[in-house]
Enquirer: 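Submitted below is the structure of interest, expressed as structure tokens.
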Amino acid sequence: MVGEFDLIARIRARAGARDDVMLGIGDDAALLAPRSGELLAVATDTLNAGIHFPHDTPPADLGWKALAVNLSDLAAMAAEPAWCALSLSLPESDAAWLDAFLDGFLDLADRHGVSLVGGDTTRGPLSVCVTVHGFVPAGMALRRDAAREGDDLWITGTPGDAAAALTLLGHLPDSPHARPSPTGSGGGARVRQPAHASRALPADGAGNARVADAEVRHRLRTRLDRPTPRVAAGLALRGLAHACIDVSDGLLADLGHMLRASGVGAAVEIARLPCSPALAASFKGPARWRLQLAGGDDYELLFSAPPHRREAIAAALAAAATPAAVIGRIVAGEGIAVRDPQGRPWTPPRRGYEHFTGDEG
Ligand SMILES: Nc1ncnc2c1ncn2[C@@H]1O[C@H](COP(=O)(O)OP(=O)(O)OP(=O)(O)O)[C@@H](O)[C@H]1O
Ligand SMILES: Cc1ncc(C[n+]2csc(CCOP(=O)(O)O)c2C)c(N)n1
Ligand SMILES: [Mg+2]
């Protein structure tokens with residue numbers, strides 16, 4: 001058993017420093033030199049065990065994900081990541097666990113040139129809170145409120161994989177009853193990570209694979225545990241995209257945030273949704289559509305842009321090695337009209353994840 005300050009020393013020994021970090025880990029506050037002439041973008045997100053990640057998530061994957069979901073927020077603003085702070089609440093002091101956590105966290109930090117400049121270490125239920133800082137020139141940030149009627153609606157990557165992994169683990173993201181009920185009321189059955197968690201559950205009887213192939217499950221689980229923050233894509237979209245948001249709660253829920261902020265509506269075509277081979281192999285029809293449109297945990301960029309920039313955007317994203325597709329368009333009015341592959345209106349049972357009510361409509 002090592003003490004709090006031993007844990008901090010382990011973190012400090014491995015945190016790299018950029019030239020703009022005047023004073024990093026070790027004092028009451030870090031001293032940082034912001035880039036002159038640019039705005040500082042700041043975002044923070046928390047991951048709680050059993051709420052944001054399954055209890056059996058390997059520590060290295062948790063380290064990666066805790067930073068990735070935060071870098072995803074900077075990406076959605078077209079900000080260039082620079083610094084981060086890490087607040088850890090740990091049930092016990094376990095040096096090996098911390099070392100593995102740092103393997104994942106610092107691997108991703110290194111890939112993006114991000115310095116860990118401070119944080120906090122306490123005892124408590126397993127929870128990781130990260131704050132990230134990045135730079136964006138004034139006027140270049142991609143905000144939620146900039147979608148315009150007539151814009152194309154784009155998505156990077158292939159949404160739905162992470163939610164498919166959770167479904168196969170028995171977390172049933174389609175159902176608010178799958179959430180823990182901290183008060184013990186409201187009918188929320190407690191779904192802790194069960195001992196048999198790695199086994200596929202029977203699917204929903206709508207023609208989906210009953211037991212997903214081990215390779216397919218592994219691919220989906222990797223998308224849940226190690227999302228790719230679309231930092232290069234966000235930077236590439238500066239000056240090209242109008243509005244942008246990252247998909248954490250669910251594509252339709254996050255699209256709803258963009259539309260309300262912009263005062264417009266949208267039309268989405270299910271036939272144009274990009275789908276990974278692993279998802280196509282494990283879920284079909286409306287079960288797949290629900291995962292892709294409302295599952296969440298995708299950390300893909302959802303953005304709007306004028307149609308005349310279609311080729312420029314395709315080229316910029318190809319240079320950023322980021323696949324993307326147009327899935328609909330921004331229209332006048334409000335709300336989201338979803339059409340199934342036959343062109344018929346389709347209403348999903350829910351639009352995404354909401355912490356307290358279980359639904360985001
Ligand atoms: N406790 C809080 N105090 C101050 N501001 C908050 C608090 N919680 C959220 N916010 C702010 O509200 C806005 C929306 O936050 P939200 O967490 O929904 O966005 P997000 O981080 O992009 O999404 P997600 O958390 O699903 O990844 C952000 O500007 C965020 O900084
Ligand atoms: C064990 C487990 N159960 C459910 C989920 C699904 N989930 C939890 S929070 C969230 C939205 C983003 O969170 P926030 O809005 O706090 O950033 C989603 C899609 C999960 N990842 N792990
Ligand atoms: Mg948040």
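Start at 1 and go down the list; that is how both ligands and their atoms are numbered.
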Enquirer: Is there a donor-acceptor contact under 3.5 Å from the side chain of Arg351 to the main chain of Leu252?
Expert: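 No; zero donor-acceptor contacts below 3.5 Å.
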Enquirer: Tell me which one of His257, Met77, His355, Arg144 gets a heavy atom nearest to atom 20 (P) of ligand 1.
Expert: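 Looking at heavy atoms only, the winner is Arg144.
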Enquirer: Give the atoms of ligand 2, by number and element, whose distance to some non-hydrogen atom of Phe53 is under 4.0 Å.
Expert: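 Once the distances to Phe53 are compared, the set is 1 (C), 22 (N).
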Enquirer: Does one side chain, of Thr131 or Thr44, offer a donor that lies under 3.5 Å from an acceptor on the other?
Expert: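 Short answer, yes.
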Enquirer: Going by the order shown, which atoms of ligand 2 are within less than 4.0 Å of some heavy atom of His355?
Expert: 9 (S), 13 (O), 14 (P), 15 (O), 16 (O)
Enquirer: Select one of side chain, backbone, both or neither to describe which atoms of Thr46 lie under 4.0 Å from any atom of ligand 2, heavy atoms only.
Expert: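 It is neither part, as no heavy atom is under 4.0 Å.
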Enquirer: Heavy-atom count around Asp19 CG within 6.0 Å, excluding the residue itself: above 12?
Expert: no
Enquirer: Indicate, as side chain, backbone, both or neither, the part of Thr44 found under 4.0 angstrom from ligand 1 when only non-hydrogen atoms are considered.
Expert: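 No part of Thr44 comes within reach of ligand 1.
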Enquirer: With atoms numbered from 1 as shown, which atoms in ligand 2 lie under 4.0 angstrom from a non-hydrogen atom of Gly50?
Expert: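 Near Gly50, meaning under 4.0 Å from one of its heavy atoms, ligand 2 has 1 (C).
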Enquirer: Give the atom numbers and elements of ligand 2 that come within less than 4.0 Å of a heavy atom of His171.
Expert: 1 (C), 3 (N)
Enquirer: Check this for me: does any side-chain nitrogen of one of Lys65 and Asp297 sit under 4.0 Å from a carboxylate oxygen of the other?
Expert: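 Looking at Asp297 together with Lys65, the answer is yes, because their closest N to O distance falls below 4.0 Å.
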Enquirer: May I ask you to list the atoms of ligand 2 that are less than 4.0 angstrom from any heavy atom of Gly295?
Expert: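 Those of ligand 2 that fall under 4.0 Å from Gly295 are 19 (C).
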Enquirer: Looking at Asp110 and Asp107, would you say the former's side chain and the latter's main chain have a donor-acceptor pair under 3.5 Å?
Expert: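 Answer holds: no.
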Enquirer: Please check whether Lys65 reaches ligand 2 - meaning an N/O of the residue sits under 3.5 Å from an N/O of the ligand, judged on distance alone.
Expert: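 Between Lys65 and ligand 2, no N or O pair is found under 3.5 Å apart.
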Enquirer: For the rings on Phe101 and Trp64, is their centre-to-centre separation under 6.0 Å?
Expert: no
Enquirer: Using a 4.0 Å cutoff against the non-hydrogen atoms of Asp249, which atoms of ligand 1 qualify?
Expert: 26 (O)
Enquirer: Within the structure, does Ser248 bring an N/O atom to less than 3.5 angstrom of an N/O atom in ligand 2?
Expert: no
Enquirer: Any N or O on Asp45 sitting closer than 3.5 Å to an N or O of ligand 1?
Expert: yes
Enquirer: Between the side chains of Glu300 and Arg223, is the shortest nitrogen-to-carboxylate-oxygen separation below 4.0 Å, so that they form an ion pair?
Expert: yes
Enquirer: For Asp249 and ligand 2, does the shortest N/O to N/O distance drop below 3.5 Å?
Expert: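 Looking only at distances, the answer is yes, because the N/O contact criterion of under 3.5 Å is met.
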Enquirer: Is Asp103 salt-bridged to Arg14, going by a charged N under 4.0 Å from an acidic O?
Expert: yes
Enquirer: Does a side-chain N-to-carboxylate-O contact under 4.0 Å join Arg310 and Asp152?
Expert: yes
Enquirer: Any idea which atoms of ligand 2 are less than 4.0 Å away from a heavy-atom of Asp297?
Expert: 5 (C), 6 (C), 7 (N), 18 (C), 19 (C), 20 (C), 21 (N)
Enquirer: May I ask you to say whether Arg10 pairs ionically with Asp6, meaning some side-chain N is under 4.0 Å from a carboxylate O?
Expert: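 Asp6 and Arg10: not salt-bridged.
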Enquirer: Give the single entry among Ser248, Gly352, Gly250 that approaches atom 24 (P) of ligand 1 most closely by any heavy atom.
Expert: Ser248
